[in-house]
Amino acid sequence: MLAIEASRLARNGRDWHTLNRVLRLLLGMKGTMSELELSILRARSLEALKNKARRGELFLAVAVGYVKAGNDRIEMDPDLRVREAITLVFKRFAALQSIRQVHLSLRHEGIMLPAVNYTRAAGRTIVWKLPVYNTVHHILTNPIYAGAYAFGRTGSRITIESGRKRIVRGLRKERSDWEVLLIDHHEGYLSWADFERNQRLIADNANGKGVMARGAPPRRVVVGRPSALRPLRPQTARRLFWPKRQDRALSLSWRVPQPWHGSMHQLRIAARR
């Protein structure tokens with residue numbers, strides 16, 4: 001039941017409250033609830049989930065390399081092949097220090113990484129695939145592999161586009177804005193100190209790419225050497241030492257001053273010697 005203009009349903013406040021009680025009674029008989037009751041229920045459910053997350057017991061999904069051990073704990077996957085594949089990613093990054101290079105090396109050698117696949121029939125299963133960049137990035141930046149429990153790493157943003165509300169979800173938050181971060185929560189594939197070192201290195205690599213994207217670095221200039229004596233670029237040398245054309249008539253519109261008649265040309269000849 002939806003009412004756009006509630007003032008049209010009653011003549012005064014007393015009649016409206018009476019009508020409201022009747023409507024709630026009728027809706028209650030059908031097992032429905034009002035918008036207020038629904039919002040209260042949602043808030044209580046969300047608060048219950050946050051309390052469970054603060055205790056490190058909320059696991060809606062488990063990252064590859066881990067399995068659930070009861071309702072509130074996780075442990076490393078008992079499959080040795082899965083553990084060795086996850087460990088290999090961190091060893092490659094320690095050696096290459098670049099997510100892209102780790103990705104390319106794994107692809108070049110044909111090394112497949114495990115991935116979680118959910119189906120209604122089989123449930124949670126492990127499949128093996130050649131890694132893509134996002135797979136390697138997720139493994140190297142997920143704090144769960146450092147033995148930490150994190151909750152609230154992403155958020156949403158509401159914008160208005162063409163007069164309509166648009167919700168953008170999955171926006172990454174800064175670590176200081178995470179709702180829950182419990183270090184040494186479970187066994188990890190690397191230490192928390194190594195994880196933080198990797199994050200600083202990844203951030204430095206990303207900042208370096210941003211600088212290169214905004215513009216190339218300034219050219220290096222040889223100090224103490226006159227510009228007239230610097231080596232010429234091949235295309236410049238070909239233009240300066242172009243032989244005189246004898247197969248066409250000269251005209252004022254075509255003829256250009258020849259560089260070999262000037263003092264600059266003499267300096268360049270001395271430099272070549």
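On a predicted model such as this, the values are computed, not experimentally measured, just so you know. Heavy atoms only: backbone and side chains are in, while hydrogens, waters and symmetry mates are out.
Within the 4.5 Å cutoff, the side chain of Ile202 has heavy atoms near those of the Thr141 side chain. Side-chain contact between Lys173 and Thr154 is absent, with no heavy-atom pair separated by less than 4.5 Å. Inter-residue side-chain proximity for Met112 and Lys129 is flagged as unmet; no heavy-atom pair is nearer than 4.5 Å. A 4.5 Å side-chain heavy-atom check between Ile144 and Ile74 finds at least one atom pair inside the cut-off. Phe151 has its side chain out of reach of Leu182: every pair of non-hydrogen atoms, C-beta onward, lies at least 4.5 Å apart.
Between the Tyr189 side chain and the Gly65 main chain, a donor and an acceptor come within less than 3.5 Å of each other. Between the Asn207 side chain and the Ala203 main chain, a donor and an acceptor come within less than 3.5 Å of each other. In this structure a side-chain-to-backbone donor-acceptor pair under 3.5 Å is present from Thr125 to Asn117. Between the side chain of Glu109 and the main chain of Leu104, no donor-acceptor pair closer than 3.5 Å is present. Side-chain N or O atoms of Arg73 include none that pairs as donor or acceptor with a backbone N or O of Lys68 at under 3.5 Å. Although no hydrogens or angles enter the test, the distance criterion places a donor-acceptor pair under 3.5 Å between the side chain of Asn205 and the main chain of Gln97. Side-chain atoms of Thr135 do not come within 3.5 Å of backbone N or O of Pro131 as any donor-acceptor pair.
Taking every heavy atom of both residues into account, Ala85 and Leu113 meet most closely at O-CD2, 4.0 Å. Across all their heavy atoms, Leu190 and Phe90 have their closest contact at CD2-CE2, 3.7 Å. The two atoms that bring Ser98 and Phe93 nearest to each other are N-CE1, 3.6 Å, heavy atoms only. Closest non-hydrogen pair, Pro143 versus Ala150, comes out as CG-CB, 3.9 Å. Nearest heavy-atom pair across Ile139 and Tyr145 is O-CD1, 3.4 Å. The two atoms that bring Val102 and Val89 nearest to each other are CG1-O, 4.3 Å, heavy atoms only.
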Test side-chain contact (heavy atoms from CB on, under 4.5 Å) applied to Val62 and Val67, step by step: CA-CA 6 Å; Val62 183; Val67 293; 5.7 Å; no
Met76 and Arg83: side-chain contact (heavy atoms from CB on, under 4.5 Å), yes or no, with the steps? CA-CA 8 Å; Met76 284 189 174; Arg83 298 199 306 270; 4.1 Å; yes
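In this structure, the separation between CG on Leu106 and CG on Leu130 is 9.5 Å, given to the nearest 0.5 Å. Arg166 CZ to Glu161 CD: the interatomic distance, rounded to the nearest 0.5 Å, is 4.5 Å. Distance check: Asp184 CG to Trp192 CH2 gives 9.5 Å after rounding to the nearest 0.5 Å. Rounding to the nearest 0.5 angstrom, the gap separating the CG atom in Leu88 from the OG atom in Ser105 is 7.5 Å.
For the side chain to side chain contact (heavy atoms under 4.5 Å, CB included) with Arg92, the lone residue among Leu140, Ile99, Ile111, Val136 that qualifies is Ile111.
Linking ILVMFWY residues whenever their side-chain heavy atoms come closer than 4.5 Å, directly or via other members, leaves Ile160 and Val168 in distinct clusters. Under the 4.5 Å side-chain heavy-atom criterion for Ile, Leu, Val, Met, Phe, Trp and Tyr, Val127 and Val82 are members of distinct hydrophobic clusters.
In this pair, Tyr66 and His186 present their aromatic rings perpendicular. The plane angle is above 60°, beyond the 30 to 60° band. Taking the six-membered ring where tryptophan is involved, the planes of Tyr133 and His103 are perpendicular, since the angle between them exceeds 60° and thus also 30°.
The cationic atom of Arg81 (NZ for Lys, CZ for Arg) lies less than 6.0 Å from the six-membered ring centre of Trp128 and within 45° of the ring axis.
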